[in-house]
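Counting starts at 1 for both ligands and their atoms, following the listed order.
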Amino acid sequence: MNSAKPLLGPVRQSSKLRNVLYEIRGPVADRAAALEREGTEILKLNIGNPQPFGFTAPPSIVERMARTLDVSHGYSDSHGLPEAVEAVISRYAAVPDFPELDRDRVFLGNGVSELITMTCQALVDTGDEILVPAPDYPLWTAMVTLAGGNAVHYRCDESDNWNPDLADMEARITDRTTAIVVINPNNPTGAVYPPHLLRGIADIARRHSLTLLVDEIYDVITYDGVTHTPLATVAPDLLTLSYSGLSKSSRLAGYRAGWLVVTGPTDHAEDFLHGLNLMASTRLCANVPGQQAVVAALGGAASREDADLSIGGLTAPGGRLCRSRDVVASSLNAMNGVSCVTPRGALYAFPRLDPEVHQIRNDEQLVMDLLEREHILLVHGTGFNWPTPDHLRIVLLPEEKVLGTAMERMGNFLASYRQ
Ligand SMILES: Cc1ncc(COP(=O)(O)O)c(C=O)c1O
């Protein structure tokens, strides 16, 4: 009898993943993890995860999750627990001009990430074109691609506070375009779009009969007294899907709690909405303890104080996040050949390395070299679908002092770095 083991054929990833990228947890992050296993301490400024930087979970939220654990072990309705759906409806009812929400237009999800995936699977047909910002939060491009669509990137203009270039956006529309993705406040640029610009985006969507997909996960994280305007408030006549959640606003990324609300006319979109319901049903429901967190975070006066007001304290002048933002923006702008549009929202800075001063051909190599030499982990700009290798993204979550030292080390590194 031949005892040789049969040769195992190669097991390959699906070809659908060929152009799907998520560099935030890509090869440079893998190398950082290997260095950590060898005992090297790495300052991880690559991912917007508040907990490792000492942000604690709001007690009233944890308390409700703990108290309801013994009744949270069953599936919920695929839209969500009725009380979580109600909590989301009340949240938006308190936002001036936000269109009224209907229960079956609300979906709880395992973070906004899952809701983005569900939406793309339900909406995007092979060859459909979806307008996505450049730079973007790369999950959008990845999920449009995985769904068989083409992410067509519209330019955000660094010289105009990173606002979307509306002429560029409109010029990219073809007869295959079906939707526009808007990320506001923006990751990675920190831009918060003014109302007139949002009205301009709505006008484009109106003219070309496009659906709006609006990622507003940073909606309560703004600096300098800037107020966030939800796009749905200026587009009540358009099919608009708005996304938010607890990962950032309540610093609860690990609870995987997010929501999606659908506003505007839906008669023309019943088929898509059936598809969205189908996608929600196939994953049965969002994790129920996470939905309990949504109830606690969005309901009741005391819990709202924990969740939302304290974010206001962190972002107000003198607040922890505001001080971190200040030290990063000012340190970057003081470096030779580096400039940074001051972030007005979210948790990131996206500085530019002037190509006249820093001749970077490969920005992924740059962040790998920074990791090896300074043990600081960033994400390169092309990882956010930015077309040229001249930007980096820096997370603003550490304390001011830690970030100040990191910026000093980064500045010294860049001063002598050649490719
Ligand atoms: C713009 C944007 N959208 C969505 C997400 C994913 O959020 P969640 O933790 O709710 O899945 C993130 C996370 O960083 C983000 O920056």
Pairs of nitrogen or oxygen atoms, one from ligand 1 and one from the protein, closer than 3.5 Å: please tabulate them with distances.
from: ligand 1; atom 1: 3 (N); to: Asp215; atom 2: OD1; distance (Å): 3.4
from: ligand 1; atom 1: 3 (N); to: Asp215; atom 2: OD2; distance (Å): 2.6
from: ligand 1; atom 1: 9 (O); to: Ser247; atom 2: OG; distance (Å): 2.6
from: ligand 1; atom 1: 9 (O); to: Arg256; atom 2: NH1; distance (Å): 2.8
from: ligand 1; atom 1: 10 (O); to: Val112; atom 2: N; distance (Å): 2.7
from: ligand 1; atom 1: 10 (O); to: Ser247; atom 2: OG; distance (Å): 3.4
from: ligand 1; atom 1: 11 (O); to: Val112; atom 2: N; distance (Å): 3.2
from: ligand 1; atom 1: 11 (O); to: Ser113; atom 2: N; distance (Å): 2.9
from: ligand 1; atom 1: 11 (O); to: Ser113; atom 2: OG; distance (Å): 2.5
from: ligand 1; atom 1: 11 (O); to: Arg256; atom 2: NH2; distance (Å): 2.7
from: ligand 1; atom 1: 14 (O); to: Tyr218; atom 2: OH; distance (Å): 3.4
from: ligand 1; atom 1: 14 (O); to: Lys248; atom 2: NZ; distance (Å): 2.8
from: ligand 1; atom 1: 16 (O); to: Asn187; atom 2: ND2; distance (Å): 2.7
from: ligand 1; atom 1: 16 (O); to: Tyr218; atom 2: OH; distance (Å): 2.6

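Trp140 has its ring centre no less than 6.0 Å from the ring centre of Phe384. Under the 6.0 Å cut-off for aromatic ring centres, Tyr137 and Tyr218 do not qualify, their centroids lying 6.0 Å or more apart.
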Side-chain donor-acceptor distances from residues 33-42 under 3.5 Å, at least two apart:
from: Glu36; atom 1: OE1; to: Lys44; atom 2: NZ; distance (Å): 3.3
from: Glu36; atom 1: OE2; to: Lys44; atom 2: NZ; distance (Å): 3.3
from: Thr40; atom 1: OG1; to: Leu35; atom 2: O; distance (Å): 3.4

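In this structure Arg323 satisfies the salt bridge (charged side-chain N to carboxylate O under 4.0 Å, His left out) test together with Glu400, sequence neighbours excluded. Residues meeting the salt bridge (charged side-chain N to carboxylate O under 4.0 Å, His left out) test with Arg176, sequence neighbours left out: Asp128.
Between Phe107 and His79, the ring planes lie parallel to each other; the angle is under 30°, not in the 30° to 60° tilted range.
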